[in-house]
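These notes concern the structure reproduced below.
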Amino acid sequence: MSKSGPLPGLCLTLAVTAVGQAVLFTMVPVIGETTNIDLRGLSLVVALGILAFVVAAPLWGRASDELGPRRVMLMGCGGVILGQAGFALAIELAARGYAGPDGTLTAMILFRVIHGAAAAALFPVAQAWVAGVYDESERLSKFGALRLAMTIGRLAGPALAAGLTLLAALAPIHALVVFALLAFLAMSLCPEPAGTPQEHLDEIAPKPRARSAVRAFPLLLSVVVLLALMNGQLQFSIGLHAQTRLTLDAVQASQFVGLLMSLAAVAAILVQVFVLRRLNERTFLALAVSGLLASSAVALVYWGWNWGSFALAGVFVGASLAMAFPACAALLAASREPGHFGSAMGAFGSAQTIGYALGAALGGLYEIAPAVSFGVSFCAPLAAVVLASVSPALRSPQMKPAGR
């Protein structure tokens, strides 16, 4: 294996895919206006795409254990191309008057479900690939590199969408197909592991885990759900809370949330570039610090008294998420035997999405019981750290908390 291994190609694939995702969400107002589909219809499209991801991620993960991650990711990229092309075509036909809102909505749902199911073969399987070819002492920073690629793509997407709209209103929608093709090309350049997938894993992966470590798997998935719940709740309700605490109108609140998200992304990038590598052999420490930062961010938002407190919360959230999910992925990999990393990371992807959805639902309680909404969000990361601290996966030498 080369020094860099498959990581550059994986990062490029994920970055380009994230660009497409960010472009799509940036274009929601244009899509609604072009298709005459209301917000409830568009929300249904997004929700069903997410549901497809949750269902498909474990299936793709198990397939990667049998077929190898490269083949599965190429299939996923092909499905993303189909989903994005069909989605763009449906919008184009609506814009030209060849399809009404009902037919367009049906087509959008169909192709968004295809996209969601296919995209589930990308990030989770990329994590499985990393788990299979890198030692435990390297995995935290390598998982962080994958998330860094996604973060950069999500930051670049809105800027590219804004530039493309100067050419034509629907140019960013058409570009979705180009981004999907670029992701397929990047994936095709990733080196094929030597030998069969199982032979490759047997050669380079750590020895099989003890049964106690394997039994830690459901516990660690609960940790993922709790951390994602905090993220979902905060993203859903922070705009409404800022509007109340800082006396902003709706437009100002939306602009402010956009600035906070950009600030969080910058903080995440800095942590992923400069900090994670130093924590490679201190995975639990990374998770513990991320939990404390996350709960502190929730407290800063809830009791936020000025713009600065919200800005500091944004920095804390970005830094927290930059450490939390790579640490969870490293712990999950440590709890599984070689040859089962795909199923582990597929379950991880589903757990993260489920947690985020639960957090968004919790955020929906904000107008009824804001203290409850933020209180559960505050406790969730702390509970995640406690659960992780008792996980048998920490018996792996590289995973032990400091002082144990």
Side-chain angles (χ1 to χ4, degrees), residues 6-7 10-11 13-14 17-18 21 48-80 83 113-134 139 142-144 146-147 149-150 183 187 190 193 196-198 200-201 205 208-209 213-229 231 324-358 391 393:
L7 193 63
L10 292 176
C11 288
T13 300
L14 296 177
T17 302
Q21 285 290 90
L48 291 176
I50 292 173
L51 178 62
F53 182 100
V54 171
V55 172
L59 302 178
W60 284 120
R62 284 194 291 271
S64 74
D65 289 333
E66 299 293 330
L67 304 175
R70 185 176 184 273
R71 187 181 302 179
V72 168
M73 289 189 69
L74 283 172
M75 289 190 286
C77 286
V80 169
V113 167
I114 292 173
H115 176 275
L122 300 184
F123 189 73
V125 176
Q127 290 189 122
W129 197 338
V130 164
V133 300
Y134 293 102
R139 286 180 189 157
K142 302 306 182 186
F143 288 140
L146 297 181
R147 290 199 170 267
M150 297 284 284
M187 188 65 251
C190 283
T196 65
Q198 187 58 51
H200 185 60
L201 286 169
R209 301 293 164 202
V214 175
R215 287 197 297 269
F217 186 67
L219 188 67
L220 292 172
L221 288 181
S222 300
V223 171
V224 174
V225 170
L226 288 169
L227 291 168
L229 182 148
N231 186 31
F325 292 119
C328 287
L331 289 171
L332 282 166
S335 74
R336 303 303 278 178
E337 296 181 359
H340 298 279
F341 294 132
S343 59
M345 296 307 159
F348 173 42
S350 293
Q352 185 176 349
T353 305
I354 291 170
Y356 188 87
L358 291 174
S391 167

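Because the structure is predicted, anything quoted here is derived from the model rather than measured. In this chain, numbering begins with 1 at the start of the sequence shown.
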**Report entry** Spatial distance of atom CZ (Phe341) from atom OG (Ser335) [nearest 0.5 Å]
**Finding:** 9.0 Å
Report task. Show your working on side chain to side chain contact (heavy atoms under 4.5 Å, CB included) between His115 and Gln21 and close with a plain yes or no. Result -> CA-CA 10 Å; His115 176 275; Gln21 285 290 90; 3.1 Å; yes
Report summary line: Heavy-atom closest pair (Phe217 atom, Ala347 atom, distance to 0.1 Å) is CZ-CB, 3.8 Å
Requested in this report: Identify the two heavy atoms, one from Met345 and one from Ala329, that lie closest to each other, and give their separation to 0.1 Å.
Outcome: CE-O, 3.3 Å
**Report entry** Worked verdict on Leu7 versus Leu146 for side chain to side chain contact (heavy atoms under 4.5 Å, CB included)
**Finding:** CA-CA 8 Å; Leu7 193 63; Leu146 297 181; 3.8 Å; yes
Query raised in the report: Quick one: side chain to side chain contact (heavy atoms under 4.5 Å, CB included) partners of Thr17, sequence neighbours excluded?
Result: Thr13, Leu122, Ala183
Query raised in the report: Got a donor-acceptor contact below 3.5 angstrom from the Trp60 side chain to the Ala119 backbone?
Result: no
Requested in this report: Under the side chain to side chain contact (heavy atoms under 4.5 Å, CB included) rule, collect the residues that match up with Ala357, sequence neighbours excluded.
Outcome: none
Report task. Report the distance from atom NZ of Lys142 to atom CG of Leu10, rounding to the nearest 0.5 Å. Result -> 11.5 Å
Report task. Return the minimal non-hydrogen interatomic distance between Pro58 and Ser350, and the atom names on each side. Result -> CD-OG, 3.1 Å
Report task. Hey, could you give me the CZ/CZ distance between Phe123 and Arg147, rounded to the nearest 0.5 Å? Result -> 4.0 Å
Query - Expected output: side-chain Arg139 to main-chain Tyr134 donor-acceptor under 3.5 Å - result: yes
Requested in this report: Report the C-alpha separation of Leu67 and Met75 in whole Å, then their side-chain angles, then the decisive distance to 0.1 Å, and conclude whether the side chain to side chain contact (heavy atoms under 4.5 Å, CB included) test is met.
Outcome: CA-CA 11 Å; Leu67 304 175; Met75 289 190 286; 4.0 Å; yes
Query raised in the report: Taking atom OG1 of Thr353 and atom CG of Leu51, what is their separation to the nearest 0.5 Å?
Result: 10.5 Å
Report task. Output the distance between atom CG (Leu331) and atom CG (Leu219), rounded to the nearest 0.5 Å. Result -> 10.0 Å
Query raised in the report: Taking atom CZ of Arg70 and atom OG of Ser64, what is their separation to the nearest 0.5 Å?
Result: 14.5 Å
Requested in this report: Name all residues meeting the side chain to side chain contact (heavy atoms under 4.5 Å, CB included) criterion together with Ile114; count only those two or more places apart in sequence or in a different chain, and write none if there are none.
Outcome: Leu82, Leu110, Phe111
